[in-house]
Amino acid sequence: MSFRLGSDMLISPSGFCMDEVGQADWVRVDLETAQPYPDQLKPSSETLMHRNVYLLRPDANAVIHSHPPHVIALSLLRIAIRPIGSEAPFLLGKQVPIVPYTIPTSPLLAESIKPYVPEHSVMVLENHGLLTLGVNNREAFNRTELSEEIAKIM
């Protein structure tokens, strides 16, 4: 999980479960250099992917990368999440793309999302998880939750 903070981002530290992250544990990273500020914990292994979202989407202030099981199951079958229901088209958009599989935590994954980020706020990472963004944490979280609920229905 990450949040934009001016020309930086705050990102969750590597190796922590989200319920373990305290206020002082968030890692401040310079968006221009992708380098963390000194004397902090190690940032998430997906720092480059989060950074690319912020560089490509000035309207995004929060990014959530998660591993919802039903979303992943659909991605293994190459079935795209459909924005069904009354609120889904507004939160998920007209379509939810499946980003072809690349090695998690790698620069390849960070690059693979670039074609999708300008037009989509929700992306399924094939055989890996989900990437959602929003103007704030609530919007990014709502997109995450709704994606998994629709995947369950599908």
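Contacts of Arg57 classified as side chain to side chain donor-acceptor pair (under 3.5 Å), with partners at least two apart in sequence or in another chain: Asp59, Ser121. Taking the side chain to side chain donor-acceptor pair (under 3.5 Å) definition, one finds that Ser75 meets it with nothing, sequence neighbours left out. By the side chain to side chain donor-acceptor pair (under 3.5 Å) test, Lys42 pairs with no residue at all, sequence neighbours left out. Applying the salt bridge (charged side-chain N to carboxylate O under 4.0 Å, His left out) rule to Glu119 yields no partners; only residues at least two apart in sequence or on another chain are considered. In this view, His128 and His65, His67 satisfy the ring pair (Phe, Tyr, Trp, His ring centres under 6.0 Å) rule, not counting sequence neighbours. A search for side chain to side chain contact (heavy atoms under 4.5 Å, CB included) contacts involving Gln40 returns Val27, Arg28, Pro36, Tyr37, not counting sequence neighbours. With sequence neighbours excluded, no residue forms a ring pair (Phe, Tyr, Trp, His ring centres under 6.0 Å) with His70. Not a single ring pair (Phe, Tyr, Trp, His ring centres under 6.0 Å) links Tyr116 to another residue, sequence neighbours left out.
In terms of hydrophobic clustering, with Ile, Leu, Val, Met, Phe, Trp and Tyr side chains grouped at heavy-atom distances under 4.5 Å, Leu31 and Leu48 are assigned to different clusters. When hydrophobic clusters are built by joining Ile, Leu, Val, Met, Phe, Trp and Tyr residues whose side-chain heavy atoms come closer than 4.5 Å, directly or via intermediates, Trp26 is grouped together with Val63. Under a hydrophobic-cluster definition in which Ile, Leu, Val, Met, Phe, Trp and Tyr are linked whenever side-chain heavy atoms come within less than 4.5 Å, directly or via other members, Phe141 and Leu10 are assigned to the same cluster. Linking Ile, Leu, Val, Met, Phe, Trp and Tyr residues whenever their side-chain heavy atoms come within less than 4.5 Å places Leu109 and Ile11 in a single cluster. When the side chains of ILVMFWY residues are joined at heavy-atom separations under 4.5 Å, either directly or via intervening members, Leu108 and Met123 end up in two distinct hydrophobic clusters.
Minimum interatomic distance between Phe16 and Val21 (heavy atoms only, all atoms of both residues): CB-CG2, 3.8 Å. Taking each heavy atom of Pro97 and His120 in turn, the nearest pair found is CD-ND1, 3.5 Å. Scanning both residues, Ala62 and Phe3, for their nearest heavy atoms gives CB-CD2, 4.2 Å. For the residue pair Pro83 and Ala88, the shortest heavy atom distance occurs at C-CB, 3.5 Å.
A donor-acceptor pair under 3.5 Å is formed between the side chain of Asn52 and the backbone N or O of Ala110.
For the atom pair Arg51 CZ and Asp30 CG, the distance stands at 8.5 Å (nearest 0.5 Å). A distance of 9.5 Å separates NE2 of His50 from CD1 of Ile64, quoted to the nearest 0.5 Å. The OG atom of Ser44 lies 11.5 Å from the CE atom of Met1; values are rounded to the nearest 0.5 Å. The distance from the CD atom of Glu145 to the OG atom of Ser66 is 11.0 Å, given to the nearest 0.5 Å.
No more than 12 heavy-atom neighbours from other residues, nucleotides or ligands sit within 6.0 angstrom of CD on Glu32.
Residue Leu130 shares its hydrophobic cluster (ILVMFWY side chains chained together at separations under 4.5 Å) with Val71, Leu74, Leu77, Ile79, Ile81, Ile84, Leu91, Leu92, Val96, Ile98, Val122, Val124, Leu146, Ile150, Ile153, Met154. Cluster partners of Val135 are absent, since no Ile, Leu, Val, Met, Phe, Trp or Tyr has side-chain heavy atoms less than 4.5 Å from it. Applying the 4.5 Å side-chain rule to ILVMFWY residues, one finds that Ile103 remains a lone member of its cluster.
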Any chance you could lay out the side-chain contact (heavy atoms from CB on, under 4.5 Å) test for Asp25 and Glu20, step after step, and finish with the verdict? CA-CA 9 Å; Asp25 297 326; Glu20 300 171 334; over 6 Å; no

For a side-chain contact (heavy atoms from CB on, under 4.5 Å) check, start with the C-alpha distance between Leu56 and Ile113, then their side-chain angles and the critical distance, and finish with the verdict. CA-CA 10 Å; Leu56 292 167; Ile113 65 161; 6.0 Å; no

Determine, step by step, whether Asn136 and Asn61 satisfy the side-chain contact (heavy atoms from CB on, under 4.5 Å) criterion, reporting the C-alpha distance in whole Å, the side-chain angles of both residues, the deciding distance to 0.1 Å, and the verdict. CA-CA 5 Å; Asn136 55 41; Asn61 294 309; 5.8 Å; no

Pair Glu87, Asn142 - check side-chain contact (heavy atoms from CB on, under 4.5 Å), show working. CA-CA 10 Å; Glu87 60 187 6; Asn142 287 344; over 6 Å; no

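The ring-ring contact (aromatic ring centres under 6.0 Å, His included) contacts involving residues 93-115 comprise nothing, where partners must be two or more places apart or lie in separate chains.
A salt bridge links Arg143 to Glu139: one of the charged nitrogens lies within less than 4.0 Å of a carboxylate oxygen.
Ser106 has its side chain out of reach of Glu111: every pair of non-hydrogen atoms, C-beta onward, lies at least 4.5 Å apart. By the 4.5 Å heavy-atom criterion applied to side chains, Val99 and Leu131 are not counted as neighbours.
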